[in-house]
Structure formats: C-alpha cells, structure tokens
Amino acid sequence: MKHILILSVLAWLFTGIVFGQSPWQWGVRAGVILGGPIPAQSDPDSSSGHLAVGPSLGAFVNYQLAERWRLQVGLAYAFKGATYQQLYRNDTMMPLQILPGVVDTVPTYYYADANGKMSLHYIDLPILVQWRATKHAWIQFGPYLSGLIGGKDAGKADIQIGDGMLFPDTTITFDNIKEIRRLDMGLCLGGSYELDNGLFLEMRAQRSLRGLYRKGFLSSQGLPEIPLYHTQFFVGLGWRF
C-alpha cells in the first residue's frame with residue numbers, strides 16, 4: 001500500500017516538473033465532499049445512517065491532448081465517513097445452570113443494537129479525461145485510486161440475550177479500522193466551469209468499485225455479507241495557473 005502511494009506521488013511530482021512547458025498546466029482546488037460508505041442494499045427498518053461532510057483539497061496537472069481534450073492527474077486529501085445504526089438478531093448458544101452444579105448449553109438468540117461513526121482520511125489520485133463542451137464548460141470522467149492513511153470506525157453495541165430474563169444485558173465497544181481495505185478504486189464523473197482568468201467551479205461524483213471491508217469480515221460478525229461502497233459528491237473552487 002505504501003509503495004503504491006509513494007509511486008503515485010513521485011509520478012505526480014515528475015509530471016509537475018514540466019508543467020510550465022506547453023501543453024502542460026497546473027492548478028489547485030479546494031472544496032467539500034459529501035459521502036462515505038453506502039451498502040449495496042439495506043433494510044430501513046433495521047438500519048440507518050448519515051453521510052459525513054468534510055474537506056478536500058489538493059493540486060492537479062493538465063496535459064492538453066487536443067484542442068478540446070485534455071488529461072488531468074490530481075492529488076488530494078479527502079475526508080470520508082458516516083454515522084450509522086444497525087439492529088440485528090442472531091441465534092447463539094449460552095451456558096445455563098439447569099441443576100445445582102450442572103451447567104449445559106442451551107440454544108437462544110440475541111439482539112444487538114450497534115451505533116458507530118466512521119472518520120476516514122484518504123489520499124485520492126483521480127486520473128480524468130476532460131472534454132470541452134463549450135468555451136467555458138468541461139465534462140470529465142475517469143478512474144481514481146484512493147489510499148487510506150488513517151481514521152477510525154468505532155462505536156458500541158448494546159446486546160440483549162433472549163428476552164432479557166435469564167441473561168444480563170451487556171455493552172461492548174469496537175473499532176473496525178483494521179478491517180477496512182487500505183486501497184480503494186472507482187470511477188469519477190463530473191464537470192467544471194472555467195473562467196478566462198483560470199478560476200473555476202467544479203462538481204464531481206465518484207463511486208467505489210471495491211467493498212469497504214475485507215472479504216468475510218461482516219459474516220464473521222454474524223452479519224449479512226453485503227458490501228459497502230464509497231460514494232461521494234465533491235463541489236469546490238479551483239485555480240488553473
């Protein structure tokens with residue numbers, strides 16, 4: 001993971017060395033990004049959540065391919081996250097004293113009410129093909145790579161076993177950050193409106209092609225193996241030099 005990020009940064013810096021030579025350009029951008037992991041399917045009766053809003057800022061290099069086409073390589077910090085609540089029921093086996101000195105396991109079930117918050121920090125590397133639709137408007141699309149550099153996915157789960165009469169309720173805490181894939185990749189689609197002085201407004205949506213968690217993690221927790229995909233919308237301002 002570290003090697004991929006280092007190579008990406010070196011490639012971006014190498015490209016930037018020649019930005020002053022036509023047809024190269026460079027610039028900076030900053031804005032806000034709304035979004036985080038969204039499940040491929042969900043049950044609104046048992047789960048809910050809210051996507052995070054956070055900053056995104058970075059720089060980019062353009063290479064003019066033709067009169068109306070150019071290639072852009074960017075490098076940016078992006079905050080992604082969400083708060084979530086999940087209520088689920090599972091079968092289990094519990095030890096129970098049936099006679100004095102005699103303990104046996106009995107089948108039962110438990111309810112778990114999990115509440116958590118994801119605060120994830122990424123370095124994004126979008127590689128975009130841009131097409132000029134009008135004098136000032138550009139349409140852009142292409143893939144992106146994203147590397148997780150830190151954060152947390154922490155919370156607590158309140159657990160009730162059976163009807164709550166035979167076994168005491170309990171609360172556990174968790175942090176699933178080690179189960180999140182370090183490398184993400186997906187697709188971008190958006191556009192920008194550029195003024196003659198280099199100032200521009202940009203909007204872009206992006207969707208991951210990889211599940212957030214490592215394969216098998218959700219099922220190991222007694223949850224359906226339904227993948228979560230990063231889904232974000234970025235809006236911001238930039239300056240092209």
Side-chain angles (χ1 to χ4, degrees), residues 1-9 32-56 58 74-91 111-128 140-157 159 172-190 204-234:
M1 178 61 219
K2 292 182 178 179
H3 295 96
I4 293 174
L5 288 177
I6 291 173
L7 289 175
S8 299
V9 172
V32 295
I33 188 167
L34 167 66
I38 294 179
Q41 63 186 68
S42 62
D43 182 355
D45 293 332
S46 62
S47 62
S48 62
H50 300 281
L51 299 177
V53 178
S56 177
L75 189 69
Y77 161 79
F79 176 88
K80 307 172 187 180
T83 58
Y84 57 89
Q85 182 270 338
Q86 175 78 44
L87 177 65
Y88 58 95
R89 177 190 186 280
N90 274 313
D91 296 329
Y111 289 103
D113 184 9
N115 292 267
K117 181 178 181 180
M118 295 182 188
S119 301
L120 307 175
H121 307 283
Y122 283 87
I123 295 295
D124 284 353
L125 179 71
I127 304 172
L128 304 174
Q140 57 188 16
F141 56 92
Y144 76 87
L145 294 175
S146 188
L148 180 67
I149 57 175
K152 65 179 182 178
D153 174 16
K156 67 175 185 176
I159 301 173
I172 62 172
T173 60
F174 61 85
D175 190 344
N176 299 326
I177 189 65
K178 293 183 179 180
E179 302 298 333
I180 295 178
R181 299 179 193 265
R182 293 290 171 175
L183 180 64
D184 184 34
M185 61 185 65
L187 299 174
C188 302
L189 177 64
R204 183 173 70 247
Q206 61 185 47
R207 171 79 168 184
S208 173
L209 298 176
R210 303 190 76 197
L212 177 74
Y213 291 116
R214 302 180 192 275
K215 187 176 180 180
F217 167 66
L218 293 175
S219 59
S220 71
Q221 304 300 303
L223 295 171
E225 196 67 28
I226 298 174
L228 290 83
Y229 297 103
H230 270 304
T231 306
Q232 289 91 32
F233 181 78
F234 167 83

- Query: Are the side chains of L212 and E179 in touch, meaning some heavy atoms are under 4.5 Å apart?
  - Reply: no

- Under the side chain to side chain donor-acceptor pair (under 3.5 Å) test, residues paired with T83 that sit two or more places apart: none

- Could you tell me which residues satisfy ring pair (Phe, Tyr, Trp, His ring centres under 6.0 Å) with F79, sequence neighbours excluded, listed by chain and number? H121

- Query: Going through the checks in order, is the side-chain contact (heavy atoms from CB on, under 4.5 Å) test met by K152 and M118?
  - Reply: CA-CA 6 Å; K152 65 179 182 178; M118 295 182 188; over 6 Å; no

- ring pair (Phe, Tyr, Trp, His ring centres under 6.0 Å) involving F217 - partner list, sequence neighbours excluded: Y213

- From S146 OG over to R182 CZ, what is the distance, rounded to the nearest 0.5 angstrom? 12.0 Å

- Task: Report the residues that fulfil side chain to side chain donor-acceptor pair (under 3.5 Å) with S119, sequence neighbours left out, ordered by chain and then residue number.
- Result: none

- Message: Using modelled atom types and a 3.5 Å cut-off, is there a donor and acceptor pairing between side-chain atoms of Q86 and backbone atoms of N115?
- Response: no

- Message: Restricting to salt bridge (Lys or Arg N to Asp or Glu O under 4.0 Å), what partner residues turn up for D124, sequence neighbours left out?
- Response: K80

- Note on the structure: R210 meets the side chain to side chain contact (heavy atoms under 4.5 Å, CB included) criterion, sequence neighbours left out, with R181, L183, D184, M185, S208

- Query: What pair of heavy atoms forms the shortest contact from A78 to I33, and how long is it?
  - Reply: CB-CD1, 4.4 Å

- Task: Spell out, as yes or no, whether a donor-acceptor pair under 3.5 Å connects the side chain of R214 to the backbone of K178.
- Result: yes

- Message: Test of understanding: with side chain to side chain contact (heavy atoms under 4.5 Å, CB included), list the residues that count as partners of I172, not counting sequence neighbours.
- Response: A157, I159

- Query: What pair of heavy atoms forms the shortest contact from L75 to P126, and how long is it?
  - Reply: N-CD, 4.4 Å

- From OG (S219) to CD (E225), nearest 0.5 Å: 4.5 Å

- Message: Applying ring pair (Phe, Tyr, Trp, His ring centres under 6.0 Å), can you list everything that pairs with F234, at least two apart in sequence or on another chain?
- Response: none

- Heavy atoms of P55 and Y77 approach each other most closely as O-CE2, 3.9 Å

- Do the non-hydrogen side-chain atoms of L189 and F141 ever get within less than 4.5 Å of each other? yes

- Give the minimum heavy-atom separation between G116 and F174, together with the two atoms involved. CA-CZ, 4.3 Å

- Taking only residues two or more places apart in sequence or in another chain, which ones pass ring pair (Phe, Tyr, Trp, His ring centres under 6.0 Å) with Y122? H230

- Query: Tell me, which pairs form a salt bridge (charged side-chain N to carboxylate O under 4.0 Å, His left out) where one or both residues lie in residues 111-120, sequence neighbours left out?
  - Reply: none

- Applying side chain to side chain donor-acceptor pair (under 3.5 Å) to R207 and not counting sequence neighbours gives T231

- Item | Results of side chain to side chain contact (heavy atoms under 4.5 Å, CB included) for I177 - residues two or more places apart only | L120, L148, D175, I180

